[in-house]
Amino acid sequence: MNYPMCDMQRVLIDTEELDAIISRLADQINRDYAPVPSRTTLILCVLKGSLFFTAALMQRLTVPAELDFVKVSSYGKGTESSGELIDHLFPQRNDWQSLDVLVVEDIIDSGNTLSRLTERIRALGAASVRVVTLLDKPSRRQVDFRADYTGREIPNAFVVGFGLDLAEQYRGLPFIGIPREDVIRAATEQASPQK
Ligand code: PRP
């Protein structure tokens, strides 16, 4: 077996199922987001993990929308710290009042990142803020947070692919996979562990 399949324990969501999930989410969004005069729909891609999901989702949207990027991290993520949101990249805009923001996320785990990020966007005065996530691990929640649109709930397994990484590897896989235990161990020995 060749790379990258040799590093996988199994495929959790294959390419065909990913396609179906993303098409269903796009249908829901297309129904909910009718164009409103003087308002703009802003697709906000949360880097890096949401890059592939955002691209696939946007290709299926029939509502006019702009695209922007944010890169944030929760301080103390993966530890007991409640921490704060750190901006690595945040849109410098002065039109928040006219924006219907749709935050696009690859996975929700503790919920800390998105609860803080949506709070921040609301505080900036956005006309509306909703969240679409490809994956959700509800069993990992530390704060009460629910996405408006959820692709698939998954168990508490370490997943990679379609944007999700293990020590920055495997983001380009066209499926969601679960790496072998020894592959995870080897990668996390050199980096701080994921969830
Ligand atoms: C992941 C994911 C979310 C966040 C979810 O990003 O893309 O942004 O973690 O975790 P939480 O619900 O516990 O806050 P990560 O920090 O791994 O960055 P990346 O997308 O650049 O890999």
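We count ligands from 1, going down the list as the structure has it; atoms in each ligand are counted the same way. In this chain, numbering begins with 1 at the start of the sequence shown.
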Quiz item: Testing T41, D100, D148 for side-chain hydrogen bond (donor to acceptor under 3.5 Å, both in side chains) with S128, which one passes?
Solution: D100
Which atom pair, heavy atoms only, marks the closest approach of [X] to [Y]?
X	Y	answer
R122	V129	NH2-O, 3.3 Å
L42	R93	CD1-NH1, 3.4 Å
I13	L135	CD1-CD2, 3.6 Å

Show the atoms of ligand 1 that are less than 4.0 angstrom away from any heavy atom in [X].
X	result
E105	2 (C), 3 (C), 7 (O), 8 (O)
D165	22 (O)
K71	21 (O)
I107	2 (C), 3 (C), 5 (C)
K48	19 (P), 20 (O), 21 (O)

Quiz item: Do L25 and F53 touch side chain to side chain, with heavy atoms closer than 4.5 Å?
Solution: yes
Practice problem: Taking the side chain as every heavy atom from C-beta outward, state whether F162 and I22 have any atom pair closer than 4.5 Å. | Solution: yes
Self-check item: Under-4.0 Å salt bridge between D165 and K48
Solution: no
Tell me whether [X] reaches ligand 1 (any heavy atom closer than 4.0 angstrom to a ligand atom).
X	value
R140	no
G111	yes
E168	no

Quiz item: Does any N or O atom in G49 lie less than 3.5 angstrom from one in ligand 1, N or O only?
Solution: yes
Which is it for [X] and ligand 1 at heavy atoms under 4.0 Å: side chain, backbone, both or neither?
X	value
D106	side chain
H88	neither
L47	backbone

Quiz item: How are the rings of Y170 and Y3 set relative to one another: parallel (under 30°), tilted (30 to 60°) or perpendicular (over 60°)?
Solution: parallel
Quiz prompt | Main-chain N/O of G111 paired to R141 side chain as donor or acceptor, under 3.5 Å | solution = no
Quiz item: Nearest to atom 11 (P) of ligand 1 by heavy atom, S110, S115, G163: which?
Solution: S110
